[in-house]
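Since we're looking at a predicted model, the values are computed, not measured.
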Amino acid sequence: MRSDLSTMRPLLDGFASRTPTSDGLSARRTPVPFPDAEPAADQGAEAGLDLHDTLLGRRSSLRYADAPVRTGLVLHLLKGALGRDSGDWGLDDAAGPLEAFVFALRSEGTPAGVYRVTAEEASFVAPAAALGDPENLGVQREFATAGGIVSMYAALDRADAWAGAHGYRVAVTRASMALYDFHLRCQAHGLVGTLFGGFIGSAVRTVVHSDGVTRHPLLSATYALPEAEA
């Protein structure tokens, strides 16, 4: 055991480091904007199940109905989760805010396509045709059968400038918490899905202007209506 710990110590110390590793110019770099984005209305819904009943009934699922999902509800739940992340952590100015992209594959009420969501707003940035084959979005084909996929993005450059490797760890923690927040609220409103790390960010790199520095995907989740029971 001591031998294993001594081998792992440099790695663990590296993750704990708060020393920035970048060139110190993160303040000069900003994510590429979406000048042609169109505002997208988020739509609330009646209160869903409470947390206790949601947790009791929650299931991770890769089997989905073919029916479209009301994208306005997805945007509403996601914007709320990002707002809570911003308020709870208070790190948007120091380490950069989170943002999310919704790849709405089957949409009700609004067009299928790509939506960008922040704590303040939601916008439509690209039509579904820009995505190509949805199976290219994940390492498992089942992901493409969902109503849509949500991916959390962070500014790794700013996180590193704030606290080095520790900044990256905090960014991943924030993204995970916000995505679980969204996922559980989807479940509370009758949707299903699963969180996953196998999102293929390169498939949409040009669509969402992801450069791996100012905007980089960290964790994703599917959402859909549940498959009808036989």
Side-chain angles (χ1 to χ4, degrees), residues 26-45 68-87 91-93 95-134 136-138 143-144 146-159 171 174-175 178-179 181-183 185-186 191 193 199-224:
S26 64
R28 303 182 187 179
R29 289 186 283 264
T30 57
V32 175
F34 297 88
D36 298 326
E38 302 175 3
D42 60 293
Q43 302 167 352
V69 176
R70 187 157 57 95
T71 300
L73 172 62
V74 173
L75 301 180
H76 174 75
L77 298 178
L78 193 51
K79 192 164 74 169
L82 290 170
R84 286 183 288 276
D85 165 81
S86 178
L91 288 175
D92 286 5
D93 290 337
L98 297 180
E99 60 181 338
F101 287 89
V102 178
F103 305 98
L105 305 178
R106 293 194 301 278
S107 177
E108 176 185 330
T110 55
V114 182
Y115 293 80
R116 176 177 177 261
V117 184
T118 68
E120 293 81 25
E121 61 184 4
S123 56
F124 179 77
V125 300
L131 294 175
D133 186 349
N136 293 331
L137 297 179
F143 298 151
I149 295 172
V150 169
S151 191
M152 287 286 178
Y153 282 68
L156 299 188
D157 193 25
R158 290 186 62 182
R174 288 176 61 189
L179 196 60
D181 183 339
F182 165 76
H183 172 69
R185 290 175 192 275
C186 281
L191 300 176
F199 179 73
I200 303 177
S202 60
V204 294
R205 180 173 55 84
T206 57
V207 177
V208 303
H209 304 312
S210 172
D211 59 10
V213 178
T214 63
R215 180 179 285 135
H216 182 75
L218 293 176
L219 190 64
S220 305
T222 56
Y223 65 84

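Here the side chain of R84 pairs no donor or acceptor atom with the backbone of D181 at under 3.5 angstrom.
Proximity of M152 to R174: side-chain heavy atoms (C-beta onward) are nowhere separated by under 4.5 Å. Between L77 and C186, the closest side-chain pair of non-hydrogen atoms falls below 4.5 Å. Between L131 and V204, the closest side-chain pair of non-hydrogen atoms falls below 4.5 Å. Side chains of R205 and P217 form no contact here, defined as non-hydrogen atoms less than 4.5 Å apart. Here the side chains of V102 and V74 are in contact, with some heavy-atom distance below 4.5 Å. V114 places a side-chain heavy atom less than 4.5 Å from the side chain of V208. At least one side-chain heavy atom of L191 sits less than 4.5 Å from a side-chain heavy atom of V69. Within the 4.5 Å cutoff, no side-chain heavy atoms of V125 are placed close to those of Y115.
With rounding to the nearest 0.5 angstrom, the CZ atom of F143 is 10.5 Å from the CG atom of L137. In this structure, the separation between CG on L82 and CG on L98 is 6.5 Å, given to the nearest 0.5 Å. Separating the OH atom in Y223 from the CG atom in L78 is a distance of 9.5 Å, to the nearest 0.5 Å. Rounding to the nearest 0.5 Å places CG of L156 at 6.0 Å from CG of L218. The CD atom of E120 sits 11.0 Å away from the CD atom of E99 when rounded to the nearest 0.5 Å. Atom NE2 of H76 and atom CD of Q43 lie 10.0 Å apart (nearest 0.5 Å).
The two residues F199 and S220 have their closest heavy-atom pair at CB-OG, 3.1 Å. What you find for V150 and A100 is that their closest heavy atoms are CG1-CB, 4.4 Å. When every heavy atom of A130 is checked against every heavy atom of V207, the shortest pair comes out as O-CG2, 3.7 Å. Across all their heavy atoms, L105 and A144 have their closest contact at CD1-O, 3.6 Å. A pairwise comparison of heavy atoms in G44 and R70 identifies O-NH1, 3.5 Å as the closest pair. Smallest separation of non-hydrogen atoms from D85 and A178: CB-CB, 4.4 Å.
Salt-bridge annotation for R215 and D211: absent, with no side-chain N of the basic residue lying under 4.0 Å from a carboxylate O of the acidic one.
Residue-environment remark: CG (D93) stays at or below the threshold of 12 foreign heavy atoms within 6.0 Å.
Using a 3.5 Å distance cut-off with no hydrogens or angles, the side chains of D92 and S86 do pair a donor with an acceptor.
In this structure F101 satisfies the ring pair (Phe, Tyr, Trp, His ring centres under 6.0 Å) test together with F34, Y153, sequence neighbours excluded.
Listed by first then second residue, pairs satisfying side-chain hydrogen bond (donor to acceptor under 3.5 Å, both in side chains) with a partner in residues 30-39 number zero, not counting sequence neighbours.
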